[in-house]
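We name chains A, B, ... by the order of the sequence lines, and we start the count at 1 in each one. Given the structure is predicted, the values throughout are model-derived calculations rather than measurements.
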Protein chains: 2
Amino acid sequence: MNLLQPLHSVRVVDAVRERLRQAILVGELPPGARLSVPDLARRLGVSRSPIREAVLQLVSEGLAVEHSRRGVEVARIDLSDLLEIYALRAALEGVAARLCAESMSAADLTALRGVLDAQGAPAVSRDVARYRELDQRFHQIIVQSCGNLRLAKSAEQLAAELRLAQRLLADSAEHLRASHTEHRRIVAALIAHAPEEAESAMRDHLARVASAAQAKVSAEGHPPSGPEPPGLSHSGLPTTLSADLPTGGTP
Amino acid sequence: MNLLQPLHSVRVVDAVRERLRQAILVGELPPGARLSVPDLARRLGVSRSPIREAVLQLVSEGLAVEHSRRGVEVARIDLSDLLEIYALRAALEGVAARLCAESMSAADLTALRGVLDAQGAPAVSRDVARYRELDQRFHQIIVQSCGNLRLAKSAEQLAAELRLAQRLLADSAEHLRASHTEHRRIVAALIAHAPEEAESAMRDHLARVASAAQAKVSAEGHPPSGPEPPGLSHSGLPTTLSADLPTGGTP
DNA sequence: TCCTCACACTTTACATGTAACATGCGCTCA
DNA sequence: TGAGCGCATGTTACATGTAAAGTGTGAGGA
């Protein structure tokens with residue numbers, strides 16, 4: 001491997017952003033958790049500037065929402081958000097699948113088939129976590145292979161937003177089996193170089209996933225969410241968030 | 001008018017962001033212009049913090065690009081960017097048109113027909129600036145009426161990015177006439193509540209606009225751009241950018 | 001003449017100071 | 001007891017300080 005690539009020293013803001021993003025995506029900072037800049041600065045051992053910048057970047061990605069002069073909190077994704085996101089994903093990934101069907105590298109297609117095969121086991125054993133992990137990779141390969149960088153970025157941001165709404169997603173055995181079958185249909189269309197088929201298969205897939213979530217929610221009668229509205233309380237939710245960042249520096 | 005609506009004092013960062021966005025979109029800050037934080041702070045009469053924040057917001061919108069540790073410049077949109085953006089727009093606005101065909105308010109539809117009619121004159125007289133202004137409003141109405149806020153936001157950001165590439169866009173008399181005809185076809189489908197028709201009409205329209213740009217560029221043999229790569233020079237391009245912001249405050 | 005290197009200058013990235021603002025709570029008074 | 005005021009506390013938003021990095025320039029040498 002070439003060790004002489006241009007070296008750009010990691011900026012603190014990038015490290016903070018990745019750390020916070022992970023914390024949000026794994027649920028350590030759950031929806032509704034406040035992202036207090038002074039608090040995070042204390043906990044991560046850096047000054048407030050890079051924290052503020054990182055938090056605002058998460059806002060622009062949709063993982064957090066800003067309330068003017070009242071701080072930022074991790075985004076709460078409700079059913080209507082979820083349906084919006086799936087409609088958008090259907091548009092974007094449908095086109096991505098179409099583009100892939102026209103020209104996808106053999107390597108990417110092989111990787112995709114690998115993921116598809118790997119999904120068989122968790123689909124039948126109903127290993128939801130594992131299935132979703134592979135599902136994410138499945139869709140990621142397609143949007144990254146379509147050749148449109150902006151499209152890939154948008155689609156991946158939407159996928160990340162959806163990880164905030166896991167509790168709303170369908171997870172029945174039937175759902176996993178149906179999803180896997182639909183993935184197979186998508187891959188078949190890609191292999192056959194059938195753009196129309198690929199696009200409609202992808203769209204149908206995402207539309208069904210969305211309606212499955214909708215069905216699940218209305219069946220379970222999900223509460224709108226937590227306590228929430230009464231002003232952003234000063235409740236600092238988790239107290240862990242690990243120690244400090246690579247560049248330690250509290251002079 | 002009700003004067004007792006909730007009042008949220010304008011933040012400096014918002015004023016700066018809007019001012020810079022306008023400066024970019026009208027070409028006062030052309031593609032490639034450096035967005036020097038200290039310089040802008042001096043010119044706008046505020047401190048560096050809100051300037052930096054506003055500049056980074058423009059980066060996240062795609063109107064500017066950040067070069068780590070080397071500052072930010074107004075985005076340069078080349079032909080490949082333009083094609084990417086049009087492919088994305090086709091996906092997003094195609095779905096928006098479909099949704100509109102299913103349920104669009106009478107008011108929105110009336111507004112849309114108004115814009116369509118108004119486009120007739122500039123289309124035949126080849127008033128390119130006026131036609132593009134109305135074109136922007138035409139597409140804006142559709143994405144805003146589709147009921148998907150995220151979709152609308154994305155589509156409008158892409159439309160803004162395209163304003164940085166005006167020089168690449170087709171502007172022949174034939175092109176304007178074709179565009180207007182396609183707009184009519186879209187509106188007809190919306191009136192007829194024909195989702196399929198609306199989506200394909202929109203997609204075809206945007207695909208043709210993209211290929212018209214491509215044709216124009218390859219015909220004219222556009223130079224890749226200005227001088228650009230040799231490091232971000234210290235050339236402060238324009239020296240105007242008006243006086244200072246609403247909240248004057250240089251203590 | 002052309003290349004190299006050191007220096008001066010500017011900016012970025014991070015740190016820190018601070019006024020205005022927002023929130024929760026206890027206290028007062030009806 | 002209950003509504004409302006004022007205070008304590010903590011945060012945001014903006015301002016400013018500063019080390020390190022990046023860039024352009026010009027002197028000096030080949």
Over all strands shown, is B/Arg48 touching base, sugar-phosphate only, or nothing at heavy-atom distances under 4.0 angstrom?
base
From the set D/dC14, C/dC14, C/dA15, return the single nucleotide nearest to any side-chain atom of B/Val13.
D/dC14
On DNA chain C, does the nearest nucleotide to A/Pro50 precede the nearest nucleotide to B/Pro38 from the 5' side, or the other way round? Give the residue.
B/Pro38
Return the value, rounded to whole Å, for the distance between atom CG of B/Leu35 and atom C1' of C/dT10.
16 Å
Out of C/dA13, C/dA15, D/dC14, whichever nucleotide has its closest atom nearest the side chain of A/Arg11
C/dA13
Using whole Å, what does the distance between atom C1' of nucleotide C/dA22 and atom CD of A/Glu73 come to?
15 Å
Taking only side-chain nitrogens and oxygens of A/Ser36, does any of them come within less than 4.0 Å of OP1 or OP2 of D/dT11?
yes
Give a yes/no on whether any side-chain N or O of B/Ser47 is located under 4.0 angstrom from OP1 or OP2 of D/dC14.
no
Starting from P on C/dT12, measure out to CG on A/Asp14 and report it in whole angstrom.
16 Å
Do the side-chain N or O atoms of B/Arg52 get closer than 4.0 angstrom to the phosphate oxygens (OP1, OP2) of C/dT12?
no
Figure out the CG/P separation between B/Leu40 and C/dT11, and round it to whole Å.
10 Å
Atom CZ of B/Arg42 and atom C1' of C/dT11: how far apart are they, to the nearest Å?
10 Å
Atom CZ of A/Arg70 and atom C1' of C/dG24: how far apart are they, to the nearest Å?
14 Å
Can you tell me which residue among A/Lys153, A/Glu156, A/His139 is in a side-chain hydrogen bond (donor to acceptor under 3.5 Å, both in side chains) with A/Gln144?
A/Glu156
If we only count heavy atoms from C-beta on, is the A/Ile77 to A/Glu161 side-chain gap below 4.5 Å?
yes
Please confirm whether the backbone N or O of B/Ala215 pairs with a side-chain atom of B/Ser218, one donor and one acceptor, at under 3.5 Å?
yes
Tell me which nucleotide among D/dC14, C/dT11, D/dA13 gets nearest to the side chain of B/Asp39.
C/dT11
Please assess A/Asp39 against A/Arg34 for the test side chain to side chain contact (heavy atoms under 4.5 Å, CB included), listing each intermediate value before the final yes or no.
CA-CA 10 Å; A/Asp39 182 44; A/Arg34 293 207 59 203; over 6 Å; no
In whole angstrom, what separates A/His67's NE2 from D/dA13's C1'?
17 Å
Under the rule for salt bridge (charged side-chain N to carboxylate O under 4.0 Å, His left out), what residues qualify as partners of A/Glu61, not counting sequence neighbours?
A/Arg21
Using only modelled atom types and a 3.5 angstrom limit, is any donor from either the side chain of B/Ser49 or the base of D/dA15 paired with an acceptor on the other?
yes
B/Arg69 has an atom CZ; how far is it from atom P of C/dA13, in whole Å?
6 Å
